[in-house]
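Comments concern the structure below.
Sequence positions, counted from 1, serve as the residue numbers for this chain. Below, all heavy atoms of this structure are taken into account, side chains as well, without hydrogens, waters or symmetry copies.
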Amino acid sequence: TVDDGTVASGIASSKLTGALPAISGAALTNTGKVLQVVSVEYIAVTAITSTSYVDSGSEITITPSSTSSKMLVTFDTAYQAYLANANCFPYARIIRGSTTVYDFGIFGRNHVNTIGNWGAFHMSFLDSPASTAAQTYKVQYKVGAGTLTVNSAESDAIMTVMEIGA
């Protein structure tokens, strides 16, 4: 209230009586809500020697509940790279079906040696499939030369897709 007995809106506080109405969440939409989560852990160690993108074995399928939904895709793994020369970095991308939806490009540091370069790798992105058909996301890798080992024995890979209402 203000000093003269009115609330800030100018209504006399003596005229404000009764209980406040209950607020219902029934009118709230699914916008911004997590509608479903699918997560898969991969334990198979995979060695990549291809200079063209190849499937790593990490894939996940989700069926959107609406064509306006967004998909938050995350992927985490450990890797070891045995690179053949100074310009043969490892590369990664995620495809939906056969379409590249996220091209991470080069990851990791370039160490040329026989011991290998160990590291952790994370990708995340927001996709808009605009469909209610099942969507399959796959992680693919390639190397310039040498060998990239992913889903190492010390750390499994985890891929998660969250459907976000839009």
Same cluster or not: [X] versus [Y], using hydrophobic residues (I, L, V, M, F, W, Y) connected whenever any side-chain heavy atoms lie under 4.5 Å apart?
| X | Y | answer |
| --- | --- | --- |
| I60 | M71 | yes |
| V37 | I158 | no |
| V40 | I95 | no |
| V139 | V101 | yes |

Measure the spacing between [atom1] of [X] and [atom2] of [Y] and express it to the nearest 0.5 Å.
| X | Y | atom1 | atom2 | answer |
| --- | --- | --- | --- | --- |
| R93 | T99 | CZ | OG1 | 10.0 Å |
| L35 | K70 | CG | NZ | 12.5 Å |
| D156 | D76 | CG | CG | 12.0 Å |
| Y91 | L148 | OH | CG | 12.0 Å |
| T160 | L72 | OG1 | CG | 9.0 Å |
| T100 | K138 | OG1 | NZ | 12.0 Å |

Is it the case that the side chain of [X] and the backbone of [Y] share a donor-acceptor pair, with hydrogens and angles ignored and the cut-off at 3.5 Å?
| X | Y | result |
| --- | --- | --- |
| S128 | A130 | no |
| S69 | E163 | no |
| Q36 | V34 | no |

Contact summary for [X] and [Y], nearest pair of heavy atoms:
| X | Y | value |
| --- | --- | --- |
| P64 | P129 | CG-CG, 4.3 Å |
| A92 | D103 | O-OD1, 3.6 Å |
| S56 | T46 | O-OG1, 3.2 Å |

message = For K142 and T51: C-alpha separation, side-chain torsions, deciding distance, then whether side-chain contact (heavy atoms from CB on, under 4.5 Å) applies.
response = CA-CA 5 Å; K142 70 177 181 177; T51 57; 5.9 Å; no

message = Among D127, T61, V38, exactly one meets side-chain contact (heavy atoms from CB on, under 4.5 Å) together with Y137. Which residue is that?
response =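 Testing Y137 for a side-chain contact (heavy atoms from CB on, under 4.5 Å) against D127, T61, V38 leaves exactly one candidate, D127.
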
request  = Check F121, Y141, F125, F75 against F104 for a ring-ring contact (aromatic ring centres under 6.0 Å, His included) and give me the one that passes.
outcome  =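 The single option meeting the ring-ring contact (aromatic ring centres under 6.0 Å, His included) with F104 is F121.
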
Verdict with supporting geometry, I62 and M162, side-chain contact (heavy atoms from CB on, under 4.5 Å) = CA-CA 9 Å; I62 189 168; M162 290 183 269; over 6 Å; no

